Amino acid sequence: MGRYPCCKVNNDLKKGPWTSEEDEKLMENIQEHGHGNWQLVPKRAGLNRCGKSCRLRWTNYLRPDVKRGAFSIEEEETIINLHSVLGNKWSRIAAHLPGRTDNEIKNLWNTRLKKKLLKSGIDPNWDKDFHGATAPILAESSRIVIHDRERWDTPAPSMVQCTSDERKLQ
DNA sequence: AAACTTTACAACCGCAAGTCT
DNA sequence: AAGACTTGCGGTTGTAAAGTT
């Protein structure tokens, strides 16, 4: 399988934060032509960026349906539950949260939710050790019914991580 | 007020899988 | 069938902003 070469091959391509002019060019171009082939997007838009960088900027920031701003408690609870079922499948978790991107959710998890769970006495890395066994515990604690039970096939071992009070999320 | 630390988030990198020729 | 190319994903990093000493 081939690797995605653009950034490596052409070292002249710009990296780092996007300027408002670049955003504008990318927005205008995609709204006019659609993205189609991402390799062509920067050329067409007159941007000195690789296609990968353009795609990321569009999907995580510029897309009109991206919801900006803080996550609600409900959204956080949904993420915690979905993560207990799906693990680090950020794109699949994002699919359940309209307007939220996988990158945003991943960031939220790594910076805040993980610590929140640890504080509550729950190991956020449960899936590495227990193959999904904590899913019902987490689901119970945040009061959200999860219909996607694909990871729950494994029978739960007898495992009590903490009391129900400790389990309550902040 | 300055220096240092922590937090939050945008963006990059490498890999794997899908598609095309 | 095989290799080249493209896309999407997840891990990680860089850094600005906020908080603390």
Side-chain angles (χ1 to χ4, degrees), chain A residues 1-120 122-132 134-135 138 146 148 150-151 169-170:
Chain A
M1 296 295 176
R3 291 274 302 280
Y4 192 43
C6 58
C7 302
K8 282 216 139 190
V9 169
N10 189 347
N11 288 323
D12 297 332
L13 291 175
K14 194 183 167 196
K15 290 182 188 174
W18 281 66
T19 64
S20 47
E21 295 95 271
E22 286 178 310
D23 281 346
E24 216 170 293
K25 279 185 183 178
L26 184 61
M27 280 272 266
E28 278 176 14
N29 197 270
I30 291 178
Q31 278 166 357
E32 197 173 332
H33 303 101
H35 54 75
N37 185 338
W38 282 108
Q39 301 310 299
L40 296 177
V41 170
K43 291 183 189 112
R44 218 168 40 201
L47 290 164
N48 190 29
R49 297 267 184 177
C50 68
K52 197 173 186 174
S53 180
C54 293
R55 181 178 59 78
L56 209 67
R57 185 63 179 170
W58 173 255
T59 52
N60 288 336
Y61 200 84
L62 297 176
R63 239 176 28 184
D65 56 324
V66 169
K67 199 197 280 184
R68 312 294 309 165
F71 281 77
S72 67
I73 300 293
E74 289 73 26
E75 283 176 315
E76 289 192 5
E77 286 175 345
T78 305
I79 292 165
I80 290 166
N81 277 292
L82 289 168
H83 186 272
S84 72
V85 176
L86 301 169
N88 294 358
K89 298 292 173 196
W90 307 117
S91 59
R92 294 199 57 198
I93 294 172
H96 290 79
L97 293 155
R100 299 297 187 183
T101 68
D102 53 352
N103 205 35
E104 234 181 335
I105 292 167
K106 181 171 58 184
N107 281 331
L108 180 77
W109 179 265
N110 286 330
T111 56
R112 280 186 273 166
L113 296 184
K114 238 176 170 175
K115 288 168 198 164
K116 219 174 185 177
L117 289 176
L118 280 171
K119 262 191 180 175
S120 309
I122 297 166
D123 177 11
N125 297 315
W126 59 269
D127 66 317
K128 289 181 186 123
D129 304 324
F130 301 112
H131 311 292
T134 33
L138 291 168
I146 294 189
D148 183 349
E150 65 185 356
R151 291 282 305 271
L169 301 175
Q170 294 174 326

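A quick note: this is a predicted structure, and the numbers were derived from the prediction, not measured. Just so you know, these numbers use all the heavy atoms, side chains as well, and skip hydrogens, waters and symmetry mates. In the text below, chain A, chain B and the rest are named by the order of the sequence lines, each starting its count at 1.
- A donor-acceptor contact under 3.5 angstrom links the side-chain atoms of A:Lys52 to the base of B:dG14.
- The pair A:Glu22-A:Arg57 does not count as a salt bridge, with every side-chain nitrogen at least 4.0 angstrom from each carboxylate oxygen.
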Under a 4.0 Å heavy-atom criterion, the protein footprint on nucleotides 15-21 of chain C, written with B, S and -, is -------

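- As a whole-Å value, the separation of A:Arg92 CZ from C:dG10 P is 10 Å.
- Taking 3.5 Å as the limit, the base of C:dG11 and the side chain of A:Lys106 contain a donor-acceptor pair of atoms between them.
- Contact detail for A:Met27 and A:Leu62: the closest heavy-atom pair is SD-O, 3.6 Å.
- For the pair A:Asn110 CG and C:dT12 P, the computed distance is 9 Å after rounding to whole Å.
- One can place CG of A:Asn37 at 12 Å from P of C:dC5, the figure rounded to the nearest angstrom.
- For A:Asn103, no side-chain nitrogen or oxygen approaches OP1 or OP2 of B:dA10 to under 4.0 Å.
- Distance A:Leu13 CG to B:dA11 C1': 15 Å, rounded to the nearest Å.
- Between A:Ser91 and the phosphate of C:dG10, there is a side-chain N or O to OP1/OP2 separation shorter than 4.0 Å.
- For A:Asp102, the side-chain atoms get nearest to C:dC9 when compared with the rest of B:dA11, B:dC12, C:dC9.
- Side-chain contact between A:Asn29 and A:His33 is present, with at least one heavy-atom pair separated by less than 4.5 Å.
- Look at NZ on A:Lys43: it is 12 Å from C1' on C:dT6, rounded to the nearest Å.
- In this structure, A:Glu104 and A:Arg100 approach most closely via the heavy-atom pair OE2-NH1, 3.2 Å.
- At whole-Å resolution of the value, OH in A:Tyr61 and P in B:dC12 are 14 Å apart.
- Inter-residue side-chain proximity for A:Val41 and A:Leu26 is flagged as met; some heavy-atom pair is nearer than 4.5 Å.
- In plain terms, the two heavy atoms of A:Arg63 and A:Thr101 that are nearest each other are NH2-CG2, 4.2 Å.
- Two end axes, each from the C1' atoms of five base pairs, can be drawn for the helix from B:dA2-C:dT21 to B:dT21-C:dA2; they diverge by 10°, to 10 degrees.
- Side-chain atoms of A:Asn81 and A:His96, non-hydrogen and from C-beta on, never get closer than 4.5 Å to each other.
- Side-chain N/O atoms of A:Thr59 include none lying less than 4.0 angstrom from OP1 or OP2 on C:dG8.
- If you take NE2 of A:His83 and C1' of C:dG10, they are 11 Å apart, rounded to a whole angstrom.
- Contact annotation: the side chain of A:Ile80 approaches that of A:Trp109 to within less than 4.5 Å [non-hydrogen atoms, C-beta and beyond].
- Here the closest heavy-atom approach between residue A:Pro42 and residue A:Cys54 is recorded as CB-SG, 3.9 Å.
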Sort me out a list of protein N/O and nucleotides 4-9 of chain B N/O pairs below 3.5 Å, or just none if empty.
unit_1 : atom_1 : unit_2   : atom_2 : d
B:dA8  : OP2    : A:Thr111 : O      : 3.4
B:dC9  : OP2    : A:Arg112 : NH2    : 3.1

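- The shortest non-hydrogen separation linking A:Ile105 to A:Trp90 is CG2-CE3, 3.9 Å.
- For A:Arg57, the listed nucleotide lying nearest its side chain is B:dA11; candidates were B:dA11, C:dG11, C:dC9.
- For the pair A:Lys15 NZ and B:dC13 C1', the interatomic distance rounds to 9 Å; values are reported in whole Å.
- Residue A:Trp90 has a polar side-chain atom (N or O) positioned under 4.0 Å from OP1 or OP2 of C:dG11.
- Considering only heavy atoms from C-beta on, A:Val66 stays 4.5 Å or farther from A:Thr59 through its side chain.
- With salt bridges taken as basic N to acidic carboxylate O contacts below 4.0 Å, one links A:Glu75 and A:Lys67.
- In the interface, the side chain of A:Asn60 is not paired with the base of B:dA11 through any donor and acceptor atom under 3.5 Å apart.
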